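What you see is a predicted model, and the numbers here were worked out from it, not measured in a lab. Basis for what follows: all heavy atoms, side chains included, without hydrogens, waters or symmetry-related copies. First the proteins, then the strands, lettered A, B, ... as listed; each starts at 1.
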Amino acid sequence: MTTLHIEQLSVALPTGADRAHAVSGLSLSIEPGQTLCIVGESGSGKSVMATTVMGLLPKELHATQGRVLLNGESLLDASPQRLRDLRGKAMGMVFQEPMTALNPVMTCGEQIDELLREHTDWPREQRTQEIRRVLERVHIKDPERIMRSHPHQLSGGQRQRVVIAMAVILKPTLLICDEPTTALDVTTQKEILSLIAELQREQGSAVLFITHDMGVVADIANEVLVMHQGLCVESGPRDEVLLRPKADYTRMLLKAVPSMTPPPARPSPGGEPRLRATAVGKTYHSRDWMGRQHDTVALQHASLSLLGGETVGIVGESGSGKSTFARCLIRLIDPSDGQIHWGQDEVGQRPESQLRPLRHRVQVVFQDPNRSLNPRRTVGQSIVEGAMNFGASASQAQALAEQLIEQVRLPVESLKRYPSQFSGGQRQRIAIARALACKPEVLVADEAVSALDVSVQAQILELLRDIQRELGLGLLFITHDLRVAAQLCDRVIVMQHGQIVEQGFTSSLYAQPQHAYTQHLLACAPGGLAHVTH
Amino acid sequence: MTTFDKLWANGAFRFGAVVLGLVLLMALLAPVLGTVDPAQMDYNNINRSAGFAGNFTLTDGSSVAHHFWLGSDNFGRDLFSRVVYGARVSLVVAACTAAVALLIGVLVGMLAGYFRGADLLLMRFMDGLMAIPAILLAIALVAALGASITTVVIAIAIPEIPRVSRLVRSLVLTLREEPFVEAARALATPTPVILLRHILPNAMAPLLVQGTFVAASAVLTEAILSFLGLGLPANIPTWGNIMAEGRTQFSQYPGNVLYPALFLVPTVLAFNLLGDGLRDVLDPKFAKR
């Protein structure tokens with residue numbers, strides 16, 4: 001019997017939203033043991049669809065038509081009590097952010113136990129045994145310790161394993177995974193994906209897997225459904241959709257995924273380095289309640305040099321020290337040791353007052369487009385700030401802002417509007433314009449495209465390339481995404497545990513990684529698509 | 001929908017704004033609301049009951065026809081005039097206290113939040129101030145400085161400053177890590193400009209809310225001080241000292257205590273509801289629910 005069958009489902013949005021339906025006229029079905037991947041960009045309605053199935057829709061939304069059948073039972077007509085019974089027992093859910101999916105004040109053991117108490121009448125010992133068994137099944141090495149631990153004491157990967165353990169402990173027939181690996185590092189992602197596949201094989205559940213990452217789709221899907229603006233754009237078997245896409249939107253999505261194969265190398269621009277770091281380190285000191293000092297080494301002995309017109313990538317997983325390195329280079333934090341040169345000037349230990357006159361040389365674009373612009377100031381005010389700090393008159397700065405906003409391909413009227421009136425990609429363009437306003441020699445992009453949808457990401461990368469070509473900027477690109485680094489960077493620096501483990505020209509580094517960690521990173525990058533699309 | 005539309009749609013805000021608007025109007029229009037000099041005593045009209053119509057002797061000895069809407073007190077002063085004029089003092093004290101507490105609290109909080117060195121010094125001082133009960137501190141200050149509107153405002157504002165500065169400090173600590181503040185630092189924006197242009201405007205909403213709560217507690221504290229005989233002298237009528245004077249005859253003439261209370265209670269309530277409404281609409285943590 002079909003595990004999940006959805007027929008012509010529509011979910012209405014409250015009046016005043018950008019469209020009438022979050023999901024409209026969606027149909028799908030999943031057979032036992034199969035994985036259906038729903039792919040779409042942010043706002044496509046894929047998460048609304050999943051929460052409708054779980055019966056967890058927010059109050060403002062409601063299904064207006066269609067049917068949702070789980071093992072033949074209609075979910076839209078089910079009572080709240082019945083839905084509560086089904087959740088956990090017949091359908092399990094794995095969320096994107098394991099930290100917020102777990103209760104921070106309960107131990108992991110108690111949280112899993114709560115689920116068992118709710119759905120079974122097993123005695124305490126049987127429950128504990130079952131919890132131990134499920135934790136072993138999700139490959140947690142030390143189940144006893146994890147059961148006693150609070151969520152904050154675990155790593156991101158371990159937390160997600162606990163969430164998965166909760167989702168599968170009652171052997172549900174349907175497992176809904178809503179971007180379960182988006183918040184995780186690539187190496188952890190790889191492990192979690194194979195874990196989900198393994199559990200699925202063991203208990204024959206159907207998996208509804210929501211993702212925005214075509215690489216993940218290529219790795220795990222049997223069937224694919226592409227969503228855009230609440231509509232199903234295309235659906236079918238994986239190879240059919242990925243290799244012979246029919247819809248333009250699917251083709252565009254596939255084309256926007258950067259390839260792991262770097263383009264041919266550009267000639268080195270030569271000249272003096274614009275940014276140079278020699279043996280930079282950062283150590284944080286803290287004291288415990290006894291007054292004993294504890295040192296945390298965030299960055300050790302990191303060096304780089306960046307020429308004008310050159311793009312250098314720093315890649316690594318979270319906690320690798322790549323952002324600490326970047327922030328030392330911009331002097332947003334003070335390095336503990338080493339030297340940093342902006343052009344000819346040593347700036348590593350300069351006090352802020354002596355640094356200010358040089359600050360225009362190195363500018364930065366941050367990751368989160370929602371927070372990188374002051375919400376209380378117009379786009380124009382944000383852009384002219386830098387220019388006016390370096391002595392431009394109001395009218396000169398205004399003229400510059402108009403020129404820059406066109407350079408980042410936004411209409412001049414944008415200057416009078418507030419950041420909240422723009423999308424994530426547009427805000428990132430504005431942040432780039434703001435950085436360019438004081439005519440920098442080096443632009444540091446700290447995960448600048450990581451929060452964006454692939455199609456928008458491709459546009460921003462294109463924009464960065466164009467601007468670099470026009471202005472001869474040195475571009476330092478910090479990312480966790482090896483595919484983006486492959487496409488954009490001339491050279492790549494790989495970091496792990498606060499140290500540079502390997503660096504080299506992109507093509508040679510990707511073709512013949514020397515360090516074991518680099519090899520591991522490259523092997524874990526969601527692939528499969530490389531041979532599919534290119 | 002503009003912010004004001006959202007605020008107006010909030011029942012608590014609407015009630016608070018309307019009531020405060022009426023009290024403010026009453027205070028502004030006090031001379032034309034059928035009042036006489038609130039400090040003028042008329043021995044022919046002692047302890048009149050509410051609604052009594054008769055003649056009132058003015059300062060120059062002439063007599064006018066007067067309606068004692070709320071009666072008169074044991075010195076023959078018109079209670080209605082005293083309550084209406086008392087609103088002026090209450091509102092002035094509320095507004096000035098909120099302004100003073102916010103101004104100093106914001107300054108202290110911003111310095112403490114942005115500069116580590118200042119933090120240690122300023123916040124320990126604020127912690128010390130917070131350890132003293134607010135009303136006792138106010139009583140001590142008024143007793144030491146003597147009673148006038150300025151000293152009453154200072155005495156009520158000082159105990160509020162630690163609360164405001166703690167709020168501002170916590171807001172600044174969060175905001176200073178925001179990417180747009182870091183971007184401003186990278187753009188070589190001077191620190192005072194960062195504080196005023198990037199941090200303060202983004203801390204305004206919770207501050208406004210805190211301001212209304214300070215105002216509400218100022219109205220109450222002023223009344224308490226007056227009631228204890230430490231507030232403004234009797235020739236300046238305030239709701240607190242009207243009640244204080246009425247206290248002695250409460251069993252025979254309860255109106256002298258109850259009528260000012262009928263104005264005091266809705267005013268404090270209105271300030272608090274205004275603050276609740278502002279918080280519900282402006283604070284993103286509440287807005288989602």
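Residue-environment remark: CD (A:Gln344) stays at or below the threshold of 12 foreign heavy atoms within 6.0 Å.
Taking A:Asn389, A:Val362, A:Leu373, A:Asp446 one by one and counting their heavy-atom pairs under 4.5 Å with chain B, the maximum is reached by A:Asn389. The candidate from A:Ala387, A:Pro375, A:Cys438, A:Pro440 with the greatest count of non-hydrogen atom pairs under 4.5 Å with chain B is A:Pro375.
Proximity to chain B (any heavy atom under 4.5 Å) is shown, for A:Leu332, by both the backbone and the side chain. For A:Arg371, the parts lying near chain B are the backbone and the side chain together; criterion is any non-hydrogen pair under 4.5 Å. In this structure, the portion of A:Glu352 lying under 4.5 Å from any heavy atom of chain B is its side chain and not its backbone.
Scanning all heavy atoms of the two residues, the minimum distance from B:Val84 to B:Met26 falls at CG1-O, 3.8 Å.
A cation-pi contact links A:Lys282 to A:Tyr284, judged by a cut-off of 6.0 Å to the six-membered ring centre and 45° from its axis.
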Item to complete: Check step by step if salt bridge (Lys or Arg N to Asp or Glu O under 4.0 Å) holds for B:Glu182 and A:Arg327.
Response: CA-CA 10 Å; B:Glu182 298 201 316; A:Arg327 293 156 67 85; 2.7 Å; yes
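In this structure, B:Asp119 does not pair ionically with B:Arg116, as no charged nitrogen and carboxylate oxygen lie closer than 4.0 Å.
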